[in-house]
Amino acid sequence: MAGRIHRCGGVMIKDEITILLKEAALEAQRRDLLPPVTMPDIVLERPQNPEHGDYASTLPLKLARSARMNPLTIAQNLVSLIQLPDEIDSIAVASPGFINFSLKSDWLTKQVEGIVSAGERYGDVDLGKGAKVQVEFVSVNPTGPLHVGHGRGAILGSTLANVLASSGYDVAREYYINDAGGQMDAFHRSLYARYQQALGIDAQMPSEGYFGEYMMDIAREIIAEEGEKLSGKPAELGKIGVAKVMKTIKSDLEALGVSFDVWFSENSLFEQGQYDRVMAFLKERGYISEKEGAVWFASTALGEDKDNVLVRSDGAPTYFATDIAYHYNKFIERGFSRVINIWGADHQGHVSRMKAVVSALGIDPERLQIIISQMVTLKRGEITLRASKRTGEIIILRELVDEVGPDVCRFFFLSHSADSQMDFDLELAKRHSADNPVYYVQYGHARIASILRLAQERGIDYKEGNVSLLTGDSELALIRKMLQLPEVLELVASTLEPHHLPYYALDVATTFHNFYEKCRVISSDEALTSARLKLVEAAQIVLAKTLVLMGMTAPEKM
RNA sequence: GCCCCUGUAGCUCAGAGGAUAGAGCACCAGCCUCCGGAGCUGGGGGCGAGGGUUCGACUCCCUCCAGGGGCGCCA
C-alpha cells in the first residue's frame, strides 16, 4: 500500500501533510492549545527558497487573528502535536508563523522508481473521477481558412483537453460547425458570384460578402472538378464550397496537432427538432416575449442589461437562439456535467447572456465555463498584419505553422495566459528559432535519448540500479522538480490555465541540464551509472509527458 | 456612456494574500582531453500612479492614467 502512495508522487505527499496539519489543529483544540475557532482551508505552498523546505503552511498566520494568539506560539503548538512520518525529514517553525516541511532524501530518491514504473501515466491525477466534460473550441464558421487567433484557441483547447483527460475526466473535444445562418448565406452568394465570374459571367459580389482570394480559388477548383453544371444551383454550389472549406480547416488543425472527437453541425439542431424543443421550453417558463415583430429572450429578467433577439422579424433564428439549443443539447440531451467553451475576445459580450440562458434552462451556470482568449496580432517586424476574413487580408494560420513549425507555434501560444493579448512577430520568431525555449526543452529530451542510446549500445542494464545513491544536490533538485508534475496538472486542470505547462517544462529542462553538467551519467562506477540512468529515464518520462500534454513532439534526435 | 481583458527587467512573458518578485531573449564576464555547447556558471537591472482592506498586497477593493476588445433583428 505504501508503495502505491509513493508512486503517485507529490500530490499524495502534499495531501498527506495537509491531513497531518488538520489533525494537529483539531487535536490542539481538543487540548485547549487553540481556541475552538473555525478552521480555514489548509493550503500548502511550495516555498521559493529551498532553505524553507519542500512545503510550507501559513495556517498559524491565518489562525492568529481569530484565535487571538501569537502565530509563532500556534505554530509551535501544532508542530509539537505532529508525529514525524517516514517521508518527512524535519518540520520547522519560522517567523512570523510558517511551518516548513522538508522531505527525506531517501524518500525522494525512491520516487524515481515510482516514476519509471508509472511510465507515461506518471503525473496523472484523478481530479475528475470520470466526470463527463466537453471542451468546445475553434468552432469557426466554414466561410474561410483559419487565422492566427483561431490557432490560439485551438492550441488552448486541445492542451486543456489533454490535461483534463490526464486528470481523470472523460473528455470530449468538439467543434461546432456554424453551417446555418446569415454568414453562411453571404458565403453561398459570394461563392456563386465568384463561380460565375470564373466562368466569364459578369456577376456582382454581395456587399457583405467574402472578398478573400481563396473564394476565387475555391470557385476555380469547383469548375475544374464539376465544370459549369452548377450554374443556377447556388445552394448546391454552396454545399460543395462549405465541404471544401471544412476540409481545409481540418487539415490546418491537423498540421497544428489538433483533433476533435465530434464535429457538431448547427443545422442538425433544426433537423433533430432540438431547436423547437428548447424554444417551447423557454416559452413555457415565460422567458420569451414578442415585440417589434421579433421574438426576444427576456434576459433583463435575469439581471442582464438588455433583452436579446431570438428570432428576427424575417423569421430567421439568430446565432444566440441556436446556441441556446446547442447548450440544451450539451447539458440535457448529452449529459455533460461540465462544458468548457473557448471563445475569442470578440465573443466576450456573449458570455453573460449565455450564462443567463443556461440558468433559465435550469442548469447551474457554474457548469458552463467560458474561456475568452484575447486577441492575437501578427507582426512582421514593425508592420502589423490585420486579420479580417471579409476584407480578404487574411493571415492564415497555415502560413504561420508552415513558417515556424507546429511545436514553436504551440509553445509560444501556450506560454501566454489566455487573458493577455499578444503580438506574434513572425520575423522575431524566425530569427530566434535557434535560441528558442522550445528547442531548449526539446534539446533536453534529445540529450536524454542520446544518453540512453549510448547505454543501450554498451549493453548496460540498469534495472537493478540503486536509486539511494542519488544524493547529489543537482540529482535531488531534479527529483524534486519531477515530483511537481502531478501538482502542475492539478493546477492546470483546476484553473483551466494551460500556460503553466511551458514554464514547468522549461524548469524541468533547466534542472536536467544542470544535473547533466554536474554529474557524469555513464562512467566507470557501475553502481552509480545504473542509478543515474534510472534518474535520466525518469527525467525523460517527465519531459516527454509535459511535451505530449502540450501537443508537442519529444524528439529522440535533433 | 456601459461591460470585459491587460499594464511586472531593455524586449516577450510567468507569479493560487505570505519569507530575498522569477524565466527566456538581449547585454557583460567566465566554462570544452570525457555521455549532444541547441549546454553550464556568474553579473547588472522591474511591480503604471494614488488611496483603502490586512499582521502581511504584484495579488483583493476604489479612483485615475495608458493600451486592446465588446456593446447588431451579424456570428
[X] side chain N/O closer than 4.0 Å to the phosphate oxygens (OP1, OP2) of [N]?
X: Asn436(A); N: A38(B); result: no
X: Tyr440(A); N: C40(B); result: yes
X: Gln348(A); N: C3(B); result: no
X: Arg520(A); N: C34(B); result: no
X: Arg312(A); N: C74(B); result: yes
X: Ser420(A); N: A14(B); result: yes
X: Arg65(A); N: G17(B); result: no
X: Ser417(A); N: A14(B); result: yes
X: Lys62(A); N: U54(B); result: no
X: His499(A); N: G15(B); result: yes

What contact category does [X] fall into here, base, sugar-phosphate, or nothing, at under 4.0 angstrom with non-hydrogen atoms?
X: His52(A); result: base
X: His347(A); result: base
X: Asn178(A); result: sugar-phosphate
X: Ser450(A); result: base
X: Ala316(A); result: nothing
X: Leu454(A); result: sugar-phosphate
X: Ala446(A); result: base
X: Arg353(A); result: base

### Message
Given the structure, check if the side chain of Asp419(A) and the base of U6(B) hold any donor-acceptor pair shorter than 3.5 Å.
### Response
no

### Message
Any donor-acceptor pair, under 3.5 Å, between the side chain of Ser313(A) and the base of C73(B), if you only look at N and O atoms?
### Response
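Answer yes: a donor N or O sits under 3.5 Å from an acceptor.
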
### Query
Can Gln442(A) and Asp407(A) be counted as having a side-chain donor-acceptor contact under 3.5 angstrom?
yes

### Closest nucleotide among G18(B), A75(B), G68(B) to the Met375(A) side chain
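The nucleotide sitting nearest to the side chain is G68(B).
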
### Query
Rounding to a whole Å, what distance do you find between Gln374(A):CD and G67(B):C1'?
12 Å

#### Entry: Base orientation of C34(B), syn vs anti, 90° cut from 0
anti

### Heavy-atom closest pair, residues Gln348(A) and Ile372(A)
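Closest approach of Gln348(A) to Ile372(A): CA-CD1, 4.0 Å.
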
#### Entry: Full working for salt bridge (charged side-chain N to carboxylate O under 4.0 Å, His left out) between Lys330(A) and Glu136(A)
CA-CA 10 Å; Lys330(A) 292 184 186 201; Glu136(A) 184 224 313; 2.7 Å; yes

